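Written below as structure tokens is the structure these notes are about.
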Protein chains: 2
Amino acid sequence: MAWLYRPRRGDAALESTELKKAGLKATLPRLKILDILENSNQRHMSAEDVYKALLDLGEEVGFATVYRVLTQFEAAGLVIRHNFEGGHAVFELERGHHHDHIVCVQCGRVEEFYDQIIEDRQRAVVASKGYEINDHALVIYGNCTKIDCPYRSRG
Amino acid sequence: MAWLYRPRRGDAALESTELKKAGLKATLPRLKILDILENSNQRHMSAEDVYKALLDLGEEVGFATVYRVLTQFEAAGLVIRHNFEGGHAVFELERGHHHDHIVCVQCGRVEEFYDQIIEDRQRAVVASKGYEINDHALVIYGNCTKIDCPYRSRG
DNA sequence: AGGTTAAATGAGAACGATTATCATTAGCAT
DNA sequence: ATGCTAATGATAATCGTTCTCATTTAACCT
């Protein structure tokens with residue numbers, strides 16, 4: 001999966017504070033991973049994406065650590081984990097704006113959307129079934145028609 | 001995961017025809033698996049669920065075959081595969097009635113629903129993003145409040 | 001700054017779900 | 001019945017992810 005990571009002067013102090021607030025020690029792997037999540041132009045990154053970004057920065061961080069840190073970030077509310085169709089989880093920085101996702105089941109492309117009518121009905125349906133709504137609540141699966149989707153010629 | 005399979009006089013001839021129509025030889029594993037999917041009181045079965053049902057019927061069918069057959073059934077349009085949160089895929093007989101799903105992210109419980117307003121908005125959103133809608137399009141994740149959900153006491 | 005301690009890391013083993021390999025078996029058209 | 005091809009079963013391999021445990025490090029206290 002191609003992606004681009006553009007290093008930027010990291011707000012090391014800010015990020016350190018952000019980690020402390022979350023109750024996490026400001027270790028090098030955690031600072032780097034937070035920095036990558038904040039500066040990547042990919043909104044949804046898999047553990048492997050993050051790992052590769054670390055390699056590209058010349059950081060020697062183990063795969064296990066990447067998973068651990070991402071899981072901790074999730075527990076701390078810094079990121080949201082999505083298990084979209086396709087086997088591997090992707091992580092997204094929690095930015096406070098609720099939105100839902102549409103995922104291409106063929107190429108994995110993800111887009112975000114917000115629709116107030118769906119939000120309202122969604123809440124009604126969930127309540128009527130005896131469920132409590134989840135923050136990352138709704139996923140629509142479809143086939144994208146992007147020119148570079150490898151499976152475009154379907155249905 | 002508890003489940004119950006109640007054997008019923010299988011419509012062997014019907015099922016055989018059904019397979020032939022799908023372009024699949026009417027082999028014993030395929031007939032049995034189709035029978036299980038049609039007669040289980042679980043609408044969404046994992047490969048393991050199906051495998052266990054076969055064992056309970058006294059059939060010696062390998063795990064690999066279960067996966068292969070389910071994948072073929074999916075390709076043939078006989079079943080729909082869902083990759084809900086939680087790691088393992090579940091399969092549902094294609095019954096022709098479109099519906100969406102709400103999944104408890106804690107215990108994995110699945111319910112089906114249909115809401116015309118959501119259907120309409122969904123179509124509009126998907127089209128506006130340049131996607132083509134998928135049959136099994138929409139999943140809402142939440143926390144169920146069922147008494148037997150092992151994680152019920154969650155904010 | 002230096003020492004202490006509990007927490008975090010890294011390497012690799014382990015894991016669970018799924019897929020691939022390949023020799024053997026079984027549908028099904030003749 | 002026979003033969004051809006596809007399907008099966010046992011098992012190894014793979015993939016994403018988590019666990020284990022010996023080593024390192026951040027944070028706190030002088």
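Predicted, not measured: the structure shown is a model, and the values here were computed from it. In what follows, chains are A, B, ... by sequence order, proteins preceding strands, each numbered from 1.
When the P atom of dG9(D) is taken as reference, atom CG of Leu55(B) falls 12 Å away, rounded to whole Å. In this structure, CG of Leu19(A) is placed 13 Å from C1' of dA8(C), rounded to the nearest angstrom. Atoms CG (Leu70(B)) and P (dA7(D)) sit 15 Å apart, rounded to a whole Å. In this entry the distance linking CG of Leu24(A) with P of dA8(C) reads 7 Å, nearest Å. Between Glu60(A) atom CD and dA11(C) atom C1' there is a gap of 12 Å when expressed in whole angstrom units. Counting to the nearest Å, the P atom of dA7(D) and the CZ atom of Phe73(B) are 12 Å from each other. Gln72(B) has its CD atom 6 Å from the P atom of dA7(D), to the nearest Å. The distance from atom CG of Leu28(B) to atom C1' of dT24(C) is 17 Å, rounded to the nearest whole Å.
The side-chain heavy atoms of His99(A) and Glu119(A), taken from C-beta on, include no pair separated by under 4.5 Å. Within the 4.5 Å cutoff, the side chain of Val126(B) has heavy atoms near those of the Ile140(A) side chain.
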Subject >> nucleotides 17-25 of chain D: protein proximity per nucleotide (B base, S sugar-phosphate only, - neither; heavy atom, under 4.0 Å) >> reply: BBBB-----
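The nucleotide whose nearest atom lies closest to any side-chain atom of Lys20(A) is, among dA27(D), dT8(D), dT9(C), dA27(D).
Between Phe63(B) and Tyr51(B), the ring-plane angle classifies as parallel under the 30° and 60° cut-offs. Between His98(B) and Tyr114(B), the angle of the ring planes goes over 60°, which puts this pair in the perpendicular group of the 30/60° scheme.
In this model, no donor atom of one side chain and acceptor atom of the other lie less than 3.5 Å apart for Arg30(A) and Thr65(A).
Between Glu92(A) and Arg43(A) there is no salt bridge, since no side-chain N of the basic residue sits under 4.0 Å from a carboxylate O of the acidic one.
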